[in-house]
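This report refers to the structure that appears directly beneath it.
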Amino acid sequence: MSGFNYHKASDVADAAGKSSSEDALPLAGGMTILPSIKLGLSDPSDLVDLAGIGDLKGISVDGDTVTIGAMTRHADVAGSADVQNAIPALAAMAGGIGDAQVRNRGTIGGSIANNDPAADYPAACLGLGATIVTNNREIAADDFFKGLFETALDSGEIITAVRFPVPARAAYEKFPNPASRYALVGVFVSDGPAGTRVAVTGAGANGVFRQGDMESALGGSFSADALEGISVSEGDMASDLHAASDYRAHLVGIIAKRAVAAAAG
Amino acid sequence: MATVSMTVNGNAVAADVEPDTLLVDYIREHIGLTGTHVGCDTSQCGSCCVMLDGDSIKSCTMLAVQAEGAEVTTIEGVADNGEFHPMQQAFHDNHALQCGFCTPGMVISAIDLAAKNPDIDEAGVRRGLEGNLCRCTGYHNIVKAVLAGAQAMKG
(Lines give C-alpha, C1' and ligand atoms only; values in the text may rest on other atoms or scores of the structure.)
Protein backbone atom coordinates (compact mmCIF):
# COMPACT_ATOMS: atom_id res chain seq x y z
CA MET A 1 0.00 0.00 0.00
CA SER A 2 1.06 3.56 -0.54
CA GLY A 3 1.66 5.70 2.51
CA PHE A 4 -1.07 7.82 4.01
CA ASN A 5 -1.67 9.60 7.28
CA TYR A 6 -4.22 8.10 9.63
CA HIS A 7 -6.41 10.13 11.97
CA LYS A 8 -9.04 8.92 14.38
CA ALA A 9 -11.77 11.55 14.42
CA SER A 10 -13.14 12.48 17.85
CA ASP A 11 -16.48 13.78 16.60
CA VAL A 12 -18.28 14.66 13.36
CA ALA A 13 -16.93 18.22 13.25
CA ASP A 14 -13.40 16.90 13.69
CA ALA A 15 -13.98 14.35 10.92
CA ALA A 16 -15.37 17.00 8.59
CA GLY A 17 -12.41 19.29 9.21
CA LYS A 18 -9.79 16.61 8.74
CA SER A 19 -11.38 15.19 5.59
CA SER A 20 -12.02 18.51 3.87
CA SER A 21 -8.74 18.61 1.97
CA GLU A 22 -8.90 17.33 -1.57
CA ASP A 23 -6.94 14.12 -1.13
CA ALA A 24 -8.29 13.12 2.28
CA LEU A 25 -10.99 10.49 2.65
CA PRO A 26 -13.22 9.49 5.53
CA LEU A 27 -12.77 5.84 6.55
CA ALA A 28 -15.88 3.94 7.60
CA GLY A 29 -15.73 0.14 7.54
CA GLY A 30 -13.05 0.19 4.88
CA MET A 31 -14.54 -2.68 2.89
CA THR A 32 -14.09 -0.80 -0.39
CA ILE A 33 -11.52 1.88 0.28
CA LEU A 34 -8.88 -0.47 1.66
CA PRO A 35 -9.03 -2.91 -1.28
CA SER A 36 -9.07 0.12 -3.61
CA ILE A 37 -5.91 1.51 -2.02
CA LYS A 38 -4.24 -1.91 -2.17
CA LEU A 39 -5.06 -2.19 -5.87
CA GLY A 40 -3.74 1.30 -6.57
CA LEU A 41 -7.18 2.58 -7.57
CA SER A 42 -7.19 5.12 -4.77
CA ASP A 43 -4.31 7.06 -3.27
CA PRO A 44 -5.53 9.25 -0.41
CA SER A 45 -3.15 11.51 1.48
CA ASP A 46 -5.09 11.02 4.71
CA LEU A 47 -7.65 8.57 6.04
CA VAL A 48 -9.98 9.94 8.70
CA ASP A 49 -11.38 7.07 10.74
CA LEU A 50 -14.99 7.58 11.84
CA ALA A 51 -15.09 4.43 14.01
CA GLY A 52 -14.55 6.27 17.28
CA ILE A 53 -17.59 8.53 16.90
CA GLY A 54 -20.30 6.94 19.00
CA ASP A 55 -23.02 9.29 17.71
CA LEU A 56 -22.81 7.66 14.28
CA LYS A 57 -23.81 4.17 15.46
CA GLY A 58 -27.19 2.76 16.25
CA ILE A 59 -30.72 2.16 15.06
CA SER A 60 -33.92 3.85 16.22
CA VAL A 61 -37.54 3.53 15.21
CA ASP A 62 -39.83 6.49 15.72
CA GLY A 63 -43.37 6.01 14.48
CA ASP A 64 -43.13 5.52 10.75
CA THR A 65 -39.41 6.18 10.41
CA VAL A 66 -36.38 3.98 10.87
CA THR A 67 -33.15 5.91 11.44
CA ILE A 68 -29.83 4.13 11.04
CA GLY A 69 -26.57 5.76 12.08
CA ALA A 70 -24.00 6.02 9.30
CA MET A 71 -21.45 3.78 11.06
CA THR A 72 -23.96 1.02 11.79
CA ARG A 73 -22.67 -2.24 10.36
CA HIS A 74 -24.60 -4.44 7.93
CA ALA A 75 -24.62 -7.25 10.52
CA ASP A 76 -26.27 -4.94 13.04
CA VAL A 77 -28.99 -3.88 10.59
CA ALA A 78 -29.59 -7.48 9.54
CA GLY A 79 -29.83 -8.62 13.15
CA SER A 80 -31.89 -5.72 14.46
CA ALA A 81 -35.32 -6.80 15.71
CA ASP A 82 -36.49 -3.20 15.20
CA VAL A 83 -35.53 -3.20 11.53
CA GLN A 84 -36.84 -6.74 11.04
CA ASN A 85 -40.21 -5.62 12.39
CA ALA A 86 -40.45 -2.25 10.68
CA ILE A 87 -38.85 -2.92 7.28
CA PRO A 88 -38.08 -6.64 6.98
CA ALA A 89 -36.91 -6.16 3.38
CA LEU A 90 -34.20 -3.79 4.60
CA ALA A 91 -32.95 -6.23 7.25
CA ALA A 92 -32.93 -9.05 4.70
CA MET A 93 -31.08 -6.88 2.18
CA ALA A 94 -28.38 -6.04 4.76
CA GLY A 95 -28.06 -9.75 5.61
CA GLY A 96 -27.31 -10.52 1.98
CA ILE A 97 -24.47 -8.05 1.45
CA GLY A 98 -21.11 -9.61 0.65
CA ASP A 99 -20.21 -12.25 3.19
CA ALA A 100 -20.31 -12.51 6.98
CA GLN A 101 -16.95 -10.82 7.42
CA VAL A 102 -17.90 -7.92 5.17
CA ARG A 103 -21.14 -7.51 7.12
CA ASN A 104 -19.12 -7.42 10.35
CA ARG A 105 -17.14 -4.38 9.15
CA GLY A 106 -19.03 -2.67 6.34
CA THR A 107 -21.37 0.22 7.17
CA ILE A 108 -24.42 1.83 5.62
CA GLY A 109 -22.74 5.22 5.41
CA GLY A 110 -19.64 3.82 3.77
CA SER A 111 -21.67 1.89 1.25
CA ILE A 112 -23.78 4.79 0.06
CA ALA A 113 -20.93 7.31 0.13
CA ASN A 114 -19.02 4.96 -2.17
CA ASN A 115 -22.08 4.38 -4.43
CA ASP A 116 -20.68 1.32 -6.13
CA PRO A 117 -22.93 0.65 -9.14
CA ALA A 118 -23.42 -2.94 -7.93
CA ALA A 119 -23.88 -2.26 -4.22
CA ASP A 120 -27.13 -3.16 -2.44
CA TYR A 121 -27.69 -0.18 -0.14
CA PRO A 122 -28.10 2.41 -2.92
CA ALA A 123 -31.05 0.36 -4.21
CA ALA A 124 -32.57 0.19 -0.73
CA CYS A 125 -32.21 3.96 -0.21
CA LEU A 126 -33.66 4.81 -3.60
CA GLY A 127 -36.26 2.05 -3.44
CA LEU A 128 -37.56 3.17 -0.07
CA GLY A 129 -37.27 6.92 -0.64
CA ALA A 130 -34.74 7.39 2.16
CA THR A 131 -33.28 10.66 3.35
CA ILE A 132 -29.51 10.91 3.78
CA VAL A 133 -28.59 13.12 6.72
CA THR A 134 -25.16 14.79 6.76
CA ASN A 135 -23.40 17.22 9.05
CA ASN A 136 -24.67 20.04 6.78
CA ARG A 137 -28.07 19.09 5.38
CA GLU A 138 -30.60 16.44 4.46
CA ILE A 139 -30.52 14.96 0.97
CA ALA A 140 -33.32 12.92 -0.60
CA ALA A 141 -32.05 9.63 -2.00
CA ASP A 142 -33.50 10.75 -5.36
CA ASP A 143 -30.93 13.58 -5.35
CA PHE A 144 -28.05 11.75 -3.71
CA PHE A 145 -26.84 9.12 -6.18
CA LYS A 146 -25.15 10.80 -9.14
CA GLY A 147 -23.78 8.00 -11.28
CA LEU A 148 -20.83 5.64 -10.96
CA PHE A 149 -19.17 6.12 -7.57
CA GLU A 150 -20.51 9.71 -7.53
CA THR A 151 -22.81 11.27 -4.95
CA ALA A 152 -24.11 14.69 -3.97
CA LEU A 153 -21.66 14.79 -1.05
CA ASP A 154 -19.24 17.69 -0.90
CA SER A 155 -15.65 17.35 0.24
CA GLY A 156 -15.61 17.23 4.02
CA GLU A 157 -19.32 16.41 4.19
CA ILE A 158 -19.97 13.46 6.49
CA ILE A 159 -23.05 11.24 6.40
CA THR A 160 -24.40 10.95 9.93
CA ALA A 161 -27.54 8.85 9.42
CA VAL A 162 -30.05 7.52 6.93
CA ARG A 163 -33.80 7.83 7.56
CA PHE A 164 -36.15 5.32 5.98
CA PRO A 165 -39.92 5.82 5.84
CA VAL A 166 -41.66 2.57 6.78
CA PRO A 167 -43.41 1.23 3.65
CA ALA A 168 -46.65 -0.73 3.51
CA ARG A 169 -44.77 -3.44 1.64
CA ALA A 170 -41.32 -3.89 0.20
CA ALA A 171 -38.88 -6.52 -0.99
CA TYR A 172 -35.39 -6.81 -2.39
CA GLU A 173 -34.31 -9.51 -4.77
CA LYS A 174 -30.91 -9.87 -6.30
CA PHE A 175 -29.09 -12.03 -8.75
CA PRO A 176 -25.66 -12.09 -7.15
CA ASN A 177 -22.47 -12.48 -9.07
CA PRO A 178 -21.50 -15.97 -7.92
CA ALA A 179 -17.91 -14.91 -7.20
CA SER A 180 -18.15 -11.46 -5.68
CA ARG A 181 -21.72 -11.52 -4.28
CA TYR A 182 -22.19 -8.04 -5.67
CA ALA A 183 -25.50 -7.63 -7.44
CA LEU A 184 -25.36 -8.50 -11.11
CA VAL A 185 -28.92 -7.21 -10.93
CA GLY A 186 -30.74 -6.21 -7.76
CA VAL A 187 -34.22 -4.70 -7.54
CA PHE A 188 -35.71 -3.05 -4.47
CA VAL A 189 -39.45 -2.40 -4.69
CA SER A 190 -41.70 -0.66 -2.20
CA ASP A 191 -45.15 0.77 -1.89
CA GLY A 192 -46.07 3.22 0.82
CA PRO A 193 -45.76 6.84 1.93
CA ALA A 194 -42.82 7.43 -0.40
CA GLY A 195 -44.88 6.22 -3.37
CA THR A 196 -44.46 3.14 -5.49
CA ARG A 197 -40.80 2.64 -6.14
CA VAL A 198 -38.64 0.31 -8.22
CA ALA A 199 -34.91 0.85 -7.78
CA VAL A 200 -32.39 -1.17 -9.77
CA THR A 201 -28.73 -1.71 -8.88
CA GLY A 202 -25.98 -3.65 -10.61
CA ALA A 203 -27.51 -3.28 -14.04
CA GLY A 204 -27.41 0.36 -15.07
CA ALA A 205 -24.54 1.77 -17.09
CA ASN A 206 -24.77 4.86 -14.89
CA GLY A 207 -25.34 3.19 -11.54
CA VAL A 208 -28.48 2.77 -9.46
CA PHE A 209 -31.71 4.04 -11.06
CA ARG A 210 -35.50 4.04 -10.74
CA GLN A 211 -37.51 2.24 -13.39
CA GLY A 212 -40.36 4.62 -14.18
CA ASP A 213 -42.40 2.35 -16.46
CA MET A 214 -42.53 -0.32 -13.79
CA GLU A 215 -43.43 2.18 -11.09
CA SER A 216 -46.35 3.45 -13.18
CA ALA A 217 -47.60 -0.05 -13.83
CA LEU A 218 -47.33 -1.04 -10.17
CA GLY A 219 -49.12 2.17 -9.18
CA GLY A 220 -52.13 0.80 -11.01
CA SER A 221 -51.82 -2.77 -9.73
CA PHE A 222 -49.09 -3.86 -7.35
CA SER A 223 -48.58 -7.32 -8.77
CA ALA A 224 -45.92 -9.16 -10.75
CA ASP A 225 -48.42 -9.52 -13.59
CA ALA A 226 -48.53 -5.75 -13.95
CA LEU A 227 -44.89 -5.86 -15.10
CA GLU A 228 -45.64 -8.23 -17.96
CA GLY A 229 -44.47 -6.81 -21.27
CA ILE A 230 -42.46 -3.93 -19.83
CA SER A 231 -39.08 -3.96 -21.51
CA VAL A 232 -35.94 -2.42 -20.12
CA SER A 233 -33.72 -0.56 -22.54
CA GLU A 234 -30.60 -2.54 -23.32
CA GLY A 235 -28.81 0.67 -24.19
CA ASP A 236 -29.02 1.88 -20.58
CA MET A 237 -27.46 -1.29 -19.18
CA ALA A 238 -23.87 -1.98 -18.19
CA SER A 239 -22.00 -4.58 -20.18
CA ASP A 240 -18.89 -6.34 -18.92
CA LEU A 241 -17.29 -9.76 -18.64
CA HIS A 242 -19.86 -10.78 -16.03
CA ALA A 243 -22.95 -10.10 -18.15
CA ALA A 244 -23.76 -8.43 -21.45
CA SER A 245 -26.25 -5.58 -21.54
CA ASP A 246 -29.05 -7.61 -23.14
CA TYR A 247 -28.74 -10.23 -20.41
CA ARG A 248 -28.83 -7.57 -17.71
CA ALA A 249 -31.90 -5.95 -19.30
CA HIS A 250 -33.62 -9.34 -19.32
CA LEU A 251 -32.67 -10.00 -15.72
CA VAL A 252 -34.06 -6.66 -14.53
CA GLY A 253 -37.51 -7.76 -15.71
CA ILE A 254 -37.22 -11.17 -14.07
CA ILE A 255 -35.81 -9.94 -10.77
CA ALA A 256 -38.31 -7.07 -10.58
CA LYS A 257 -41.18 -9.55 -10.92
CA ARG A 258 -39.72 -11.71 -8.18
CA ALA A 259 -39.32 -8.68 -5.91
CA VAL A 260 -42.89 -7.55 -6.50
CA ALA A 261 -44.21 -11.04 -5.90
CA ALA A 262 -42.26 -11.23 -2.64
CA ALA A 263 -43.50 -7.80 -1.53
CA ALA A 264 -47.10 -8.43 -2.54
CA GLY A 265 -47.13 -11.92 -1.01
CA MET B 1 4.94 5.32 12.76
CA ALA B 2 2.30 4.75 15.38
CA THR B 3 2.33 2.46 18.38
CA VAL B 4 -0.58 0.07 18.09
CA SER B 5 -1.69 -1.88 21.16
CA MET B 6 -4.23 -4.66 21.32
CA THR B 7 -4.91 -7.96 23.00
CA VAL B 8 -4.09 -11.00 20.88
CA ASN B 9 -5.10 -14.39 22.23
CA GLY B 10 -5.31 -12.94 25.71
CA ASN B 11 -1.88 -11.31 25.63
CA ALA B 12 -1.33 -7.56 25.54
CA VAL B 13 0.84 -6.74 22.54
CA ALA B 14 2.17 -3.51 21.08
CA ALA B 15 4.28 -2.62 18.06
CA ASP B 16 5.33 0.45 16.14
CA VAL B 17 3.86 0.28 12.65
CA GLU B 18 3.22 2.49 9.65
CA PRO B 19 -0.43 3.56 9.25
CA ASP B 20 -0.79 1.44 6.11
CA THR B 21 0.20 -1.79 7.89
CA LEU B 22 -2.56 -4.34 7.52
CA LEU B 23 -3.81 -6.16 10.59
CA VAL B 24 -2.77 -9.49 9.04
CA ASP B 25 0.80 -8.24 8.60
CA TYR B 26 0.83 -6.93 12.16
CA ILE B 27 -0.27 -10.36 13.39
CA ARG B 28 2.12 -12.35 11.22
CA GLU B 29 5.20 -10.17 11.07
CA HIS B 30 5.14 -8.05 14.19
CA ILE B 31 3.52 -10.49 16.62
CA GLY B 32 4.93 -13.57 14.88
CA LEU B 33 1.70 -15.58 14.71
CA THR B 34 1.73 -17.12 11.26
CA GLY B 35 -1.33 -19.35 11.56
CA THR B 36 -3.37 -16.55 10.03
CA HIS B 37 -2.78 -16.90 6.29
CA VAL B 38 -2.76 -14.48 3.39
CA GLY B 39 -4.39 -16.11 0.41
CA CYS B 40 -5.90 -13.69 -2.07
CA ASP B 41 -5.08 -10.44 -0.23
CA THR B 42 -8.24 -9.00 -1.81
CA SER B 43 -10.79 -9.89 0.92
CA GLN B 44 -12.32 -12.72 -1.02
CA CYS B 45 -10.78 -15.98 0.20
CA GLY B 46 -11.10 -15.72 3.98
CA SER B 47 -7.77 -17.38 4.84
CA CYS B 48 -6.93 -14.34 6.95
CA CYS B 49 -10.03 -14.46 9.16
CA VAL B 50 -9.55 -13.64 12.83
CA MET B 51 -12.00 -12.81 15.59
CA LEU B 52 -12.11 -9.13 16.46
CA ASP B 53 -14.16 -8.17 19.52
CA GLY B 54 -16.36 -11.23 19.01
CA ASP B 55 -16.88 -11.06 15.25
CA SER B 56 -14.97 -12.78 12.45
CA ILE B 57 -13.31 -10.32 10.11
CA LYS B 58 -10.83 -10.45 7.24
CA SER B 59 -7.55 -9.17 8.59
CA CYS B 60 -6.18 -8.40 5.12
CA THR B 61 -8.86 -5.73 4.81
CA MET B 62 -8.30 -3.89 8.03
CA LEU B 63 -5.50 -1.62 9.14
CA ALA B 64 -3.62 -2.49 12.29
CA VAL B 65 -4.33 1.03 13.58
CA GLN B 66 -8.08 0.34 13.25
CA ALA B 67 -7.67 -2.50 15.74
CA GLU B 68 -6.16 -0.28 18.45
CA GLY B 69 -7.51 -1.50 21.78
CA ALA B 70 -9.32 -4.48 20.26
CA GLU B 71 -9.44 -8.08 21.44
CA VAL B 72 -8.18 -10.34 18.66
CA THR B 73 -8.28 -14.12 18.58
CA THR B 74 -6.28 -15.96 15.93
CA ILE B 75 -6.26 -19.67 15.17
CA GLU B 76 -3.42 -20.06 17.69
CA GLY B 77 -5.76 -18.82 20.40
CA VAL B 78 -8.81 -21.03 20.00
CA ALA B 79 -7.47 -24.18 21.67
CA ASP B 80 -7.76 -24.39 25.46
CA ASN B 81 -4.63 -25.57 27.29
CA GLY B 82 -3.64 -27.89 24.49
CA GLU B 83 -7.16 -29.22 24.00
CA PHE B 84 -8.59 -28.62 20.55
CA HIS B 85 -11.53 -26.23 20.34
CA PRO B 86 -14.63 -28.32 19.54
CA MET B 87 -14.63 -26.88 16.03
CA GLN B 88 -10.97 -27.82 15.48
CA GLN B 89 -11.75 -31.32 16.74
CA ALA B 90 -14.70 -31.54 14.36
CA PHE B 91 -12.47 -30.55 11.42
CA HIS B 92 -10.02 -33.27 12.51
CA ASP B 93 -12.69 -35.91 12.97
CA ASN B 94 -14.36 -35.19 9.62
CA HIS B 95 -11.16 -34.84 7.61
CA ALA B 96 -12.32 -31.35 6.69
CA LEU B 97 -9.14 -30.30 4.94
CA GLN B 98 -6.79 -31.31 2.20
CA CYS B 99 -3.87 -28.90 1.87
CA GLY B 100 -4.94 -26.97 4.95
CA PHE B 101 -4.19 -23.49 3.69
CA CYS B 102 -7.75 -22.22 4.12
CA THR B 103 -8.29 -24.10 7.38
CA PRO B 104 -7.37 -21.41 9.93
CA GLY B 105 -9.82 -18.99 8.34
CA MET B 106 -12.45 -21.69 7.93
CA VAL B 107 -12.23 -22.63 11.60
CA ILE B 108 -12.45 -19.01 12.76
CA SER B 109 -15.44 -18.32 10.51
CA ALA B 110 -17.09 -21.56 11.59
CA ILE B 111 -16.68 -20.76 15.28
CA ASP B 112 -18.27 -17.34 14.75
CA LEU B 113 -21.08 -18.84 12.65
CA ALA B 114 -21.87 -21.61 15.12
CA ALA B 115 -21.65 -19.35 18.15
CA LYS B 116 -24.26 -17.02 16.66
CA ASN B 117 -26.40 -19.80 15.12
CA PRO B 118 -26.28 -22.82 17.44
CA ASP B 119 -28.99 -24.71 15.55
CA ILE B 120 -27.62 -24.02 12.08
CA ASP B 121 -28.47 -26.43 9.25
CA GLU B 122 -26.51 -27.44 6.16
CA ALA B 123 -27.87 -24.64 3.97
CA GLY B 124 -27.02 -22.15 6.70
CA VAL B 125 -23.46 -23.45 6.92
CA ARG B 126 -22.96 -23.26 3.17
CA ARG B 127 -24.32 -19.71 3.10
CA GLY B 128 -22.45 -18.72 6.25
CA LEU B 129 -19.12 -19.79 4.80
CA GLU B 130 -19.55 -17.79 1.58
CA GLY B 131 -16.59 -15.66 2.56
CA ASN B 132 -14.19 -18.61 2.81
CA LEU B 133 -12.82 -20.36 -0.24
CA CYS B 134 -11.25 -23.82 -0.31
CA ARG B 135 -9.35 -24.41 -3.55
CA CYS B 136 -9.03 -28.12 -2.85
CA THR B 137 -12.84 -28.02 -3.21
CA GLY B 138 -13.22 -29.88 0.05
CA TYR B 139 -16.46 -28.22 1.00
CA HIS B 140 -18.39 -31.41 1.66
CA ASN B 141 -16.36 -32.44 4.66
CA ILE B 142 -16.00 -28.86 5.83
CA VAL B 143 -19.78 -28.54 5.98
CA LYS B 144 -20.03 -31.85 7.86
CA ALA B 145 -17.39 -30.65 10.29
CA VAL B 146 -19.07 -27.31 10.94
CA LEU B 147 -22.40 -29.02 11.63
CA ALA B 148 -20.68 -31.42 14.04
CA GLY B 149 -18.66 -28.61 15.59
CA ALA B 150 -21.78 -26.52 16.11
CA GLN B 151 -23.38 -29.40 17.98
CA ALA B 152 -20.26 -29.93 20.07
CA MET B 153 -20.07 -26.22 20.92
CA LYS B 154 -23.57 -26.42 22.38
CA GLY B 155 -21.99 -28.77 24.92
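The figures here come from the full heavy-atom set of this structure, side chains too, leaving out hydrogens, waters and symmetry mates. In what follows, chains carry the letters A, B, and so on, assigned in the order in which the sequence lines appear, proteins first and then strands, with residues in each chain numbered from 1. Please read these numbers as outputs of a predicted model, since none were measured by experiment.
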Neighbour count above 12 (heavy atom, 6.0 Å) for A:R258 CZ: no
Polar side-chain atom of A:K38 near backbone of B:T42 as donor-acceptor pair, under 3.5 Å: no
Straight-line distance of A:L34 CG to B:L22 CG, nearest 0.5 Å: 7.5 Å
Neighbours of chain A found in residues 70-88 of chain B - heavy atoms under 4.5 Å: none
Trace of the side-chain contact (heavy atoms from CB on, under 4.5 Å) decision for A:M31 with B:S43: CA-CA 8 Å; A:M31 293 296 95; B:S43 60; 6.0 Å; no
Top of A:L47, A:V102, A:N5, A:L27 for chain B proximity - count of heavy-atom pairs under 4.5 angstrom: A:L27
Spacing of A:Y6 atom OH and B:E18 atom CD [to the nearest 0.5 Å]: 14.5 Å
Rounded distance [0.5 Å steps], CG in B:L63 versus CZ in A:F4: 4.5 Å
Separation of B:C49 SG from A:D99 CG (nearest 0.5 Å): 7.5 Å
Contact class of B:L52 relative to chain A, heavy atoms under 4.5 angstrom: side chain
Atom pair CD (B:Q66) and CZ (A:R105), whose distance is rounded to the nearest 0.5 Å: 5.0 Å
Greatest number of heavy atom pairs closer than 4.5 Å to chain A - which of B:D112, B:L113, B:D41: B:D41
Closest non-hydrogen atom pair, B:S109 against A:Q101: OG-NE2, 2.9 Å
B:E130 versus chain A, the contacting section by heavy-atom distance below 4.5 Å: both
Carboxylate-amine/guanidinium proximity below 4.0 Å for B:D55 and A:R73: yes
Under 4.5 Å from a heavy atom of chain A, the part of B:N132 involved: side chain
